[in-house]
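Right, one structure below, let's go through it.
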Amino acid sequence: MTERLIAAAQAALKKAYAPYSKFQVGAAISTENGEIFSGCNVENAAYPLGCCAEASAISAMVMAGHRKISAVAVAGIGEVLTTPCGGCRQRLREFAADNIPVYVCDERELRLETTLADLLPLSFGPENLADNPAGQLD
Ligand code: THU
């Protein structure tokens with residue numbers, strides 16, 4: 001299962017559209033029922049409009065009707081670890097408990113196994129909003 005997830009992230013990396021940064025990233029998400037959704041980074045000539053691999057994978061998952069992430073793999077190339085950017089940690093948190101495993105990989109192998117909580121401690125998620133009764137501050 002973990003092997004399949006990592007392989008999906010590494011396959012997604014090969015699809016990256018990264019002509020500006022030349023930094024290819026792939027991500028793969030598994031859902032509760034074991035389905036895997038993957039995505040790559042898609043850059044744009046208007047640089048800030050580029051989309052991270054994790055965001056692409058999340059879109060694919062939501063489009064298929066899923067809302068719960070049970071594990072994530074991210075793959076990049078080179079010696080330096082390709083850990084999810086800050087924005088993507090929060091994007092993942094929207095659909096994941098904070099104890100889910102995050103597998104940080106390169107194009108060949110698993111380099112680091114961590115958790116979303118380690119990457120995003122004391123995170124703010126949907127439950128935090130639910131704790132604030134609507135209209136309380138009005
Ligand atoms: N990138 C991702 O796709 N995911 C991350 O978590 C880190 C950064 C992409 C965005 C951009 O296309 C390239 O890597 C360089 O920042």
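Here the structure is a predicted model, which means the values were calculated and not measured. Counting starts at 1 for both ligands and their atoms, in listed order.
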Are Glu94 and Arg89 within salt-bridge range, i.e. N to O under 4.0 Å? no
Any side-chain hydrogen bond (donor to acceptor under 3.5 Å, both in side chains) pairs touching residues 23-37, not counting sequence neighbours?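 Of all non-adjacent pairs touching residues 23-37, those that pass side-chain hydrogen bond (donor to acceptor under 3.5 Å, both in side chains) are Ser30-Ser70, Thr31-Asn33, Asn33-Glu35, Glu35-His66.
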Point-to-point distance, once rounded to the nearest 0.5 Å, from SG of Cys105 to CG of Leu112: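 Here the rounded value is 9.0 Å.
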Decide side chain to side chain contact (heavy atoms under 4.5 Å, CB included) for Asn99 and Thr115; before the verdict, give the C-alpha distance in whole Å, the side-chain angles of both, and the deciding distance to 0.1 Å. CA-CA 6 Å; Asn99 61 354; Thr115 65; 5.6 Å; no
So, using ring-ring contact (aromatic ring centres under 6.0 Å, His included) as the criterion, who are the partners of Tyr20 when residues are at least two apart?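 Testing Tyr20 for ring-ring contact (aromatic ring centres under 6.0 Å, His included), a comparison that skips the adjacent residues, returns Tyr47.
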Sorted by chain and number, the residues that approach ligand 1 to under 4.0 Å with a heavy atom: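 Only Ser21, Phe23, Val25, Asn41, Glu43, Cys52, Ala53, Glu54, Thr83, Pro84, Cys85 have heavy atoms that fall under 4.0 Å of ligand 1, ordered by chain and number.
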Which residues, ordered by chain and number, are linked to Ile36 in its hydrophobic cluster, where ILVMFWY side chains connect at heavy-atom gaps below 4.5 Å, directly or through other members?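 Noted: Ile36 shares its cluster with Met1, Leu5, Ile6, Tyr103, Leu110.
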